[in-house]
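Just so we're clear, the structure is a prediction, and the values are computed from it rather than from any experiment. We name chains A, B, ... by the order of the sequence lines, and we start the count at 1 in each one.
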Number of protein chains: 2
Amino acid sequence: MTNRHTNVTAQARFGAEECSLKEVLERVGDKWSILVVAALAREPYRFRALQRAIEGISQRMLTLTLQRLERDGLITRTVLDMRPPRVEYALTPTGQSLTVPLRSLADWAEEHRGALAESRALWDSKRSGTAS
Amino acid sequence: MTNRHTNVTAQARFGAEECSLKEVLERVGDKWSILVVAALAREPYRFRALQRAIEGISQRMLTLTLQRLERDGLITRTVLDMRPPRVEYALTPTGQSLTVPLRSLADWAEEHRGALAESRALWDSKRSGTAS
DNA sequence: CAGCATCCCGGAGGATACTG
DNA sequence: CAGTATCCTCCGGGATGCTG
């Protein structure tokens with residue numbers, strides 16, 4: 001376990017975490033999970049409301065995503081028995097804590113979306129202008 | 001544009017960003033992209049070295065991922081012409097900036113991986129113990 | 001409303017072989 | 001070494017229909 005490169009600067013220092021990062025990404029790293037957590041970060045939602053809030057998610061994917069998140073202890077599922085039946089989903093403390101790094105990601109996204117689009121456009125134009 | 005719920009606390013405030021978040025997630029939100037960026041956050045890598053560093057990535061996916069990241073202006077591709085040929089990949093400033101939110105995500109992953117596994121195990125055991 | 005079961009398709013992504 | 005091209009598989013995920 002001798003570290004191979006000592007030029008580890010402040011912003012770097014990914015390393016051993018990388019594997020756990022990979023691990024966790026395979027669980028909550030998909031688009032729908034993140035969007036569900038982001039939605040629930042605002043307020044608890046019922047099933048249908050959540051589906052409407054998320055825009056583009058299918059009923060199937062919402063069900064699956066919610067089940068996984070509940071399984072991972074990130075959200076709670078509460079059945080209010082009444083007619084018609086209502087089920088509320090909310091973040092657990094762990095789920096709450098995830099919203100913090102998610103926020104920085106969202107901020108980054110907000111800040112750099114323009115740059116990405118620009119770079120992409122540039123790259124694409126270079127591509128088509130291959131000749132001459 | 002009257003906001004529907006005024007109980008917006010500090011940690012919440014996802015909202016309009018959500019769409020840009022979704023957008024960006026579709027670009028750099030996949031496992032391989034994140035792992036590549038994390039790797040390059042340590043130091044520049046050559047193609048093969050990167051493939052060895054990442055563990056589990058196929059040659060094809062590495063190529064594709066690198067191309068997309070370059071297209072999005074997150075990494076640079078530098079061809080050193082020598083024999084045998086060497087190509088170095090490194091983060092651009094924008095790419096560097098992504099490592100910041102990535103770090104908080106990695107930290108979160110590190111901190112909560114145990115909790116996730118635990119919750120999952122619990123949930124699973126409940127499942128098998130459906131009866132009684 | 002909340003949710004499961006089915007069918008089905010497109011594309012993500014691995015394995016392999018070839019090139020400069 | 002650093003890729004490109006091809007083939008093939010698997011499963012993410014949409015559409016639809018049925019239950020409680």
*Asks:* For B:Leu80 and D:dC1, what is the distance between atoms CG and P respectively, to the nearest whole Å?
*Replies:* 15 Å
*Asks:* Please list, in numerical order, the residues of residues 60-71 of chain B that have a heavy atom closer than 4.0 Å to any atom of DNA chain D.
*Replies:* B:Arg60, B:Thr63, B:Gln67
*Asks:* Contact class for B:Arg83 vs. all strands (heavy atom < 4.0 Å): base, sugar-phosphate, or nothing?
*Replies:* nothing
*Asks:* Do B:Arg71 and A:Asp124 touch side chain to side chain, with heavy atoms closer than 4.5 Å?
*Replies:* yes
*Asks:* Specify the separation, in whole Å, of atom NZ of A:Lys31 and atom C1' of D:dG13.
*Replies:* 10 Å
*Asks:* Taking atom C1' of D:dG13 as reference, at what distance in whole Å does atom CD of B:Glu26 sit?
*Replies:* 13 Å
*Asks:* When you measure from the side chain of A:Arg46, which nucleotide among C:dC1, D:dA2, D:dG14 comes out closest?
*Replies:* C:dC1
*Asks:* From CD1 of A:Ile57 over to C1' of D:dG13, roughly how many Å is that when rounded to an integer?
*Replies:* 10 Å
*Asks:* Could you state the CD1-C1' distance from B:Ile54 to C:dG13, rounded to the nearest angstrom?
*Replies:* 15 Å
*Asks:* Is the distance from OP1 or OP2 of C:dC1 to the nearest side-chain N or O of A:Arg52 less than 4.0 Å?
*Replies:* yes
*Asks:* If I take atom CE in residue A:Met82 and atom P in nucleotide C:dA2, what distance separates them, rounded to the nearest angstrom?
*Replies:* 11 Å
*Asks:* Rounded to the Å, how far apart are A:Asp81 CG and C:dC1 C1'?
*Replies:* 14 Å
*Asks:* May I ask you to decide if B:Gly95's main-chain N or O and B:Thr92's side chain share a donor-acceptor pair within less than 3.5 Å?
*Replies:* yes
*Asks:* Side chain of B:Ser33, backbone of B:Gly29: donor and acceptor closer than 3.5 Å?
*Replies:* no
*Asks:* Tell me the closest heavy-atom pair linking B:Leu62 and B:Phe47, and the distance in Å.
*Replies:* CD2-O, 3.6 Å
*Asks:* Is it true that a side-chain atom of B:Ser119 and a backbone atom of B:Ala115 form a donor plus acceptor pair closer than 3.5 Å?
*Replies:* no
*Asks:* Taking only the side-chain nitrogens and oxygens of B:Arg48, find out if one of them lies under 4.0 Å from OP1 or OP2 of D:dA2.
*Replies:* no
*Asks:* Are the side chains of A:Thr94 and A:Asp72 in contact, using a 4.5 Å heavy-atom criterion?
*Replies:* no
*Asks:* Could you check A:Pro84 against B:Asp30 and say which one's nearest nucleotide on DNA chain C is further toward the 5' end?
*Replies:* A:Pro84
*Asks:* B:Gln59 side chain: which of C:dG20, D:dA5, C:dC1 is closest?
*Replies:* D:dA5
*Asks:* Using atom OH of A:Tyr45 as one end and atom P of C:dC1 as the other, report the distance to the nearest whole Å.
*Replies:* 16 Å
*Asks:* Determine the sole option in B:Leu74, B:Leu91, B:Leu69 for which the side chain to side chain contact (heavy atoms under 4.5 Å, CB included) test with B:Val36 is passed.
*Replies:* B:Leu69
